[in-house]
Amino acid sequence: MKRAYNFNAGPSALPFEVLEKAQKEFTNFQESGMSIMEFSHRSKEYDAVHEKAITDLRELLHIPNDYHVLFLQGGASLQFSMVPLNFLSPSRTADYVLTGVWSEKAQDEAEKIGKTTTIASSQHQNYTFIPNMTDIKPSHDSAYVHLTSNNTIYGTEWKHYPTLDVPLIADMSSDILSKEIDINQFSMIYAGAQKNLGPAGVTVVIIKDELLKNSTENIPTMLNYKIHAKKNSLYNTPPTFSIYMLSLMLEWVKNQGGIPAIEARNNEKAALIYNCMDESNGFYTGHAQKDSRSNMNIVFKLPTEELTNKFIAKSKELGFIGLSGHRSVGGCRASTYNAVPYESCEALVTFMKAFMSEN
Ligand code: PMP
């Protein structure tokens with residue numbers, strides 16, 4: 001079977017090995033005569049899957065003991081509300097760095113709950129860059145600073161993170177596990193799974209005790225991080241199948257050599273495509289400024305809209321999936337998450353070169 005050249009922005013490509021393993025175990029998990037989906041979330045079999053996912057994520061990201069790992073539902077979008085509900089008290093301001101539509105949405109939700117401010121933004125230049133580190137200055141009454149580490153729509157990515165004396169909270173939905181990070185710089189990280197972590201359905205939250213300690217008490221149970229932490233994400237029924245798939249993904253990352261090996265490969269994959277753009281004499285132009293380029297979402301356009309449309313139509317004929325840009329930016333976008341093979345990127349570059357010489 002020939003696999004598609006899948007450049008979807010999310011849900012996106014999964015490793016073939018992971019899909020095969022899930023298929024093999026699908027109807028008969030560990031010789032139980034049952035699918036993992038049919039087990040109680042309180043069973044010892046499911047518990048082993050749940051604990052392995054936590055342990056492997058801790059190991060891969062070097063998560064210190066004073067952080068909890070939670071598996072929640074509602075996507076990254078629910079985190080936009082849960083963060084201010086838990087951490088924004090009436091006497092404080094929540095600081096947001098705007099680097100794209102997802103950061104705007106995060107701030108919009110917080111604004112419904114309390115006072116927020118935008119402390120840095122690249123909105124005035126159509127989100128083509130990540131603001132300077134020196135511009136990240138928290139408010140005097142800051143509850144936390146929120147940023148989006150990778151901007152899925154605009155193709156920009158933070159290369160370093162500010163070290164602050166207030167809690168730093170990051171939406172890492174589209175670049176978690178793609179490169180090494182120092183967890184200690186963050187009080188909280190969250191990510192919807194459907195890019196680098198597996199299928200949709202589970203949201204990973206990594207949260208420091210110190211932040212949790214001061215969270216708001218009187219909020220709905222299902223929106224309360226403290227409850228989920230206390231119950232090890234088993235207050236209610238978790239998305240057991242998505243967590244099982246996450247555990248297979250984490251095992252796959254470990255088998256690839258862990259995050260350093262994944263990061264090196266991601267660098268090579270992105271460089272292949274960016275080099276093709278840079279050597280095209282302006283035929284392919286990137287949306288992001290060079291020093292803010294994302295290794296996960298490569299956003300570019302062709303000289304005219306007509307050529308862009310022709311490029312996308314032709315790509316579909318050749319078996320490429322997901323190369324249309326997001327409707328708010330237009331152009332093209334190639335998402336090169338962890339599971340996208342190097343060979344898919346090579347095939348894309350071969351196509352880009354051929355298309356350029358024919359047009
Ligand atoms: N944040 C980022 C950076 C995203 O890319 C997305 C979705 N693509 C979201 C948040 C929203 O995630 P969800 O659909 O899981 O709510």
Side-chain angles (χ1 to χ4, degrees), residues 6-14 70-85 94 96-112 121-123 127-131 144-159 161 168-179 181 186 188-206 222-223 233 238-239 241-243 245-246 249 266 287-288 292-299 321-329 333-340:
N6 183 352
F7 291 96
N8 273 338
S12 46
L14 293 171
L70 309 180
F71 300 141
L72 307 183
Q73 299 189 65
S77 298
L78 185 59
Q79 297 307 306
F80 298 165
S81 310
M82 280 178 73
V83 165
L85 262 178
Y96 282 78
V97 183
L98 298 191
T99 51
V101 164
W102 298 113
S103 354
E104 283 177 28
K105 288 192 169 165
Q107 182 169 5
D108 289 348
E109 288 305 302
E111 189 58 38
K112 293 174 189 168
S121 170
S122 52
Q123 189 181 34
Y127 294 127
T128 48
F129 67 96
I130 299 293
Y144 58 81
V145 170
H146 178 281
L147 61 81
T148 315
S149 62
N150 182 77
N151 299 281
T152 325
I153 295 174
Y154 304 90
T156 61
E157 187 173 15
W158 292 70
K159 305 294 167 194
Y161 299 102
L168 179 60
I169 299 181
D171 172 1
M172 290 200 182
S173 292
S174 52
D175 69 349
I176 192 165
L177 284 193
S178 70
K179 60 182 182 186
I181 50 165
F186 303 91
M188 177 176 155
I189 290 168
Y190 63 90
Q194 63 272 20
K195 296 148 194 326
N196 276 338
L197 297 174
V202 60
T203 306
V204 168
V205 174
I206 302 164
M222 281 299 289
L223 304 178
S233 308
F241 189 70
S242 295
I243 295 168
M245 289 299 291
L246 165 67
M249 279 295 284
N266 285 338
H287 180 80
S292 296
R293 280 175 167 176
S294 164
N295 267 5
M296 298 284 98
N297 309 98
I298 301 174
V299 178
I321 308 291
L323 289 175
S324 298
H326 188 272
R327 58 196 177 280
S328 59
V329 182
R333 169 173 57 177
S335 297
T336 51
Y337 298 122
N338 289 354
V340 173

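Scope of the values below: all heavy atoms of this structure, side chains included, with no hydrogens, waters or symmetry mates. For ligands, and for the atoms within them, numbers begin at 1 and follow the listed sequence. Sequential numbering from 1 along the given sequence is applied to the chain's residues.
Side-chain polar atoms of S103 and T148 form a donor-acceptor pair below 3.5 angstrom.
For ligand 1, the 4.0 Å heavy-atom shell takes in G75, A76, S77, F80, W102, T148, N150, T152, D171, S173, S174, Q194, K195, ordered by chain and residue number.
In this pair, Y154 and H287 present their aromatic rings tilted. The plane angle is within the 30 to 60° band.
Using a distance-only test at 3.5 Å, with no hydrogens or angles considered, no donor-acceptor pair links the side chain of T336 to the main chain of F7.
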Atom pairs and distances, donor-acceptor, side-chain atoms in residues 168-178, under 3.5 Å, two or more places apart:
| unit_1 | atom_1 | unit_2 | atom_2 | d |
| --- | --- | --- | --- | --- |
| D171 | OD1 | S173 | N | 3.0 |
| D171 | OD1 | S173 | OG | 2.7 |
| S173 | OG | G192 | N | 3.2 |
| S174 | OG | N150 | O | 3.1 |
| S174 | OG | N150 | ND2 | 2.9 |
| S174 | OG | T152 | OG1 | 2.9 |
| D175 | OD1 | S149 | OG | 2.5 |
| S178 | OG | D175 | O | 2.7 |

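Contact record, E157 with K179: OE2-NZ, 3.3 Å, taken as the closest heavy-atom pair.
With contacts defined as side-chain heavy-atom distances shorter than 4.5 Å, the pair N338/N266 qualifies.
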